[in-house]
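See below for the structure under consideration.
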Amino acid sequence: MNDIDEIVKGIYLKEPRAIGRAISIIEDGDQRAGALLKQINAKNIQESTILGITGPIGTGKSTIINQLIAHYRKQGNRVGIVAIDPSSPVSGGAFLGDRIRMMRHAMDKDVVVRSMATRGKQGGLCAAAAAAVRIMICSGCDPVIIETVGVGQAEIDVVRLADITILVLAPGVGDEIQMMKAGIIEIADIVVVNKAECPGADSLFMELENVLHQRNCTVCRVIAREAYGIEKLAVFIGVIDKERRKSGQFTNKRKQTRETEIIDYAIEMMRDELRRRLKEYPGNYTGDPRTIARKLIDDICIAELDTSKRNCPEVFL
Ligand SMILES: Nc1nc2c(ncn2[C@@H]2O[C@H](COP(=O)(O)OP(=O)(O)O)[C@@H](O)[C@H]2O)c(=O)[nH]1
Ligand SMILES: [Mg+2]
């Protein structure tokens, strides 16, 4: 048995080391990644729900996640967490803080935590995060929670992997208006006003209700530190999940995510191939760029007919 088989077996047996190694193989772009991903095909992939939790740093995302973990563990569910670390020098401390807070569940084998850095991985982050989610689902996690700071395109892309997106805001923390501009608020299914005991929470709540009342988006008040509002939040999540599964919206969204992923992969593969071919292109690319582009693509298509075997990673949810 080669070690990929060993790792795959370990994932299904819920072995933390196998799960950790598998995610590293994907994250590092190890050449065994393709072989590994081919074997990660959980039949239950549609049964697990993926939650995206996003919002500015310091609003209480990690605290809420800890409370949600406790909630789902009480129900007997195994929980996965993929924390996307913005890896700026400033957030180094915040990231460490996350780990410490997660320690509450550190001894629990049915809580799988993995953080991933965004640094230098804009393109590949989404694929790696998707793979990590999938590996966790294969190991029996439901739900899998993705935590990300909702800034930048990379993070928005990651949030799109989620079936249900929760935006966490808090009075006096972060720039809410900026979040709205960033479009994160557009994709939120639930907006949480955390730190509800703090001054400014009520006006933030009302402002959000005003902005969001035309949209089918729930706003709820939470005091994560005291677990206040967590049960209610979990009920909202459960209701949305149930409704979407019943209406077919759940499957549709997964299909859309899958399509986007396939296209991203195809473009990535094309880009490398085009660069390579362009280097070998005779002349100085004089003439109409569009015509040259067409010719390059036609050449690839002709070459493709001759090669049946292509290395094609599969990271589908
Ligand atoms: N006052 C108050 N502080 C909170 C609450 N929830 C979390 N915090 C604090 O807010 C800070 C940031 O929380 P954290 O969960 O790390 O936020 P994240 O950066 O969004 O993950 C921490 O010091 C928490 O203890 C709350 O309900 N009320
Ligand atoms: Mg955090």
Side-chain angles (χ1 to χ4, degrees), residues 50-73 79-106 111-119 125 129 132-133 143-152 154-156 158-159 161-162 164-180 182 184-185 187-205 208 219-234 236-237:
I50 307 162
L51 304 178
I53 304 217
T54 188
I57 288 178
T59 52
K61 296 179 296 300
S62 300
T63 315
I64 289 174
I65 290 171
N66 263 319
Q67 300 288 10
L68 285 175
I69 293 171
H71 168 88
Y72 289 117
R73 289 296 297 125
V79 186
I81 298 99
V82 179
I84 309 295
D85 174 30
S87 31
S88 75
V90 209
S91 71
F95 163 50
L96 204 62
D98 284 356
R99 293 302 294 245
I100 292 163
R101 271 188 290 282
M102 297 281 188
M103 288 296 280
R104 207 177 114 194
H105 304 281
V111 177
V112 187
V113 183
R114 175 69 178 219
S115 30
M116 301 185 118
T118 54
R119 181 159 31 202
L125 173 72
V133 168
V144 173
I145 304 175
I146 307 174
E147 176 185 355
T148 171
V149 175
V151 289
E155 284 88 353
I156 294 179
V158 173
V159 168
L161 295 173
I164 297 172
T165 300
I166 300 150
L167 169 64
V168 181
L169 301 174
V173 189
D175 188 346
E176 281 76 29
I177 304 296
Q178 201 187 326
M179 296 293 301
M180 293 180 200
I184 279 277
I185 208 152
I187 56 173
D189 301 299
I190 300 173
V191 178
V192 170
V193 175
N194 189 34
K195 312 194 185 186
E197 86 286 10
C198 290
D202 286 341
S203 56
L204 177 59
F205 180 81
L208 286 164
V219 190
C220 60
R221 276 181 259 231
V222 165
I223 305 173
R225 232 156 45 173
E226 294 161 26
Y228 170 87
I230 295 294
E231 290 299 316
K232 210 166 165 187
L233 173 61
F236 283 140
I237 294 171

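Predicted model only: the values in this text are computed from it and were never measured. Positions are given from 1, in the same order as the sequence printed here. Order of listing sets the numbers, starting from 1, for every ligand and every atom in it.
Under 4.0 Å from ligand 1, not a single heavy atom of E226 appears. Looking at C198 against ligand 1, only its side chain comes within 4.0 Å, counting heavy atoms. When heavy-atom distances to ligand 1 are checked against a 4.0 Å cut-off, N194 comes that close only through its side chain, counted from C-beta outward.
Using a 4.0 Å cut-off to heavy atoms of I223, the atoms of ligand 1 that qualify are 27 (O). Annotation for ligand 1: atoms under 4.0 Å from non-hydrogen atoms of I57 are 19 (O). Interface atoms of ligand 1 facing E147, defined by a heavy-atom separation under 4.0 Å, are 21 (O). Every atom of ligand 1 is numbered from 1 in the order shown, and the set under 4.0 Å from a heavy atom of T59 is 17 (O), 20 (O).
Atom CE of residue M116 and atom CD of residue E147 lie 14.0 Å apart, to the nearest 0.5 angstrom. Interatomic distance, CG of L161 versus CG of L51, reported as 12.5 Å (0.5 Å rounding). A distance of 12.5 Å separates NZ in K61 from CD1 in I166, rounded to the nearest 0.5 Å. Rounding to the nearest 0.5 Å gives a distance of 3.5 Å between CD1 of I81 and CD1 of I69.
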Could you walk me through whether R221 and D202 pass side-chain contact (heavy atoms from CB on, under 4.5 Å), step by step?
CA-CA 9 Å; R221 276 181 259 231; D202 286 341; 2.9 Å; yes

Derivation and outcome, side-chain contact (heavy atoms from CB on, under 4.5 Å), residues V149 and I84:
CA-CA 7 Å; V149 175; I84 309 295; over 6 Å; no

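Scanning both residues, I145 and V79, for their nearest heavy atoms gives CD1-CG1, 4.1 Å.
Nearest to atom 11 (C) of ligand 1 by heavy-atom distance, out of Q67, R225, K195, is K195.
Backbone and side-chain nitrogen or oxygen atoms of G58 are examined, and one is located within less than 3.5 angstrom of a nitrogen or oxygen of ligand 1. Residue contacts with ligand 1: G60 is placed with a nitrogen or oxygen under 3.5 Å of a nitrogen or oxygen of the ligand (distance criterion only). At least one N or O atom of A224 sits closer than 3.5 Å to an N or O atom of ligand 1.
Using a 4.5 Å heavy-atom cutoff, the side chains of L233 and I64 are in contact.
Not one N/O/S atom of T63, from backbone or side chain, sits under 2.8 Å from the Mg ion (ligand 2).
Other residues, nucleotides and ligands place more than 12 heavy atoms under 6.0 Å from the CZ atom of F205.
Between the Mg ion (ligand 2) and the N, O or S atoms of E147, the shortest distance is to OE2.
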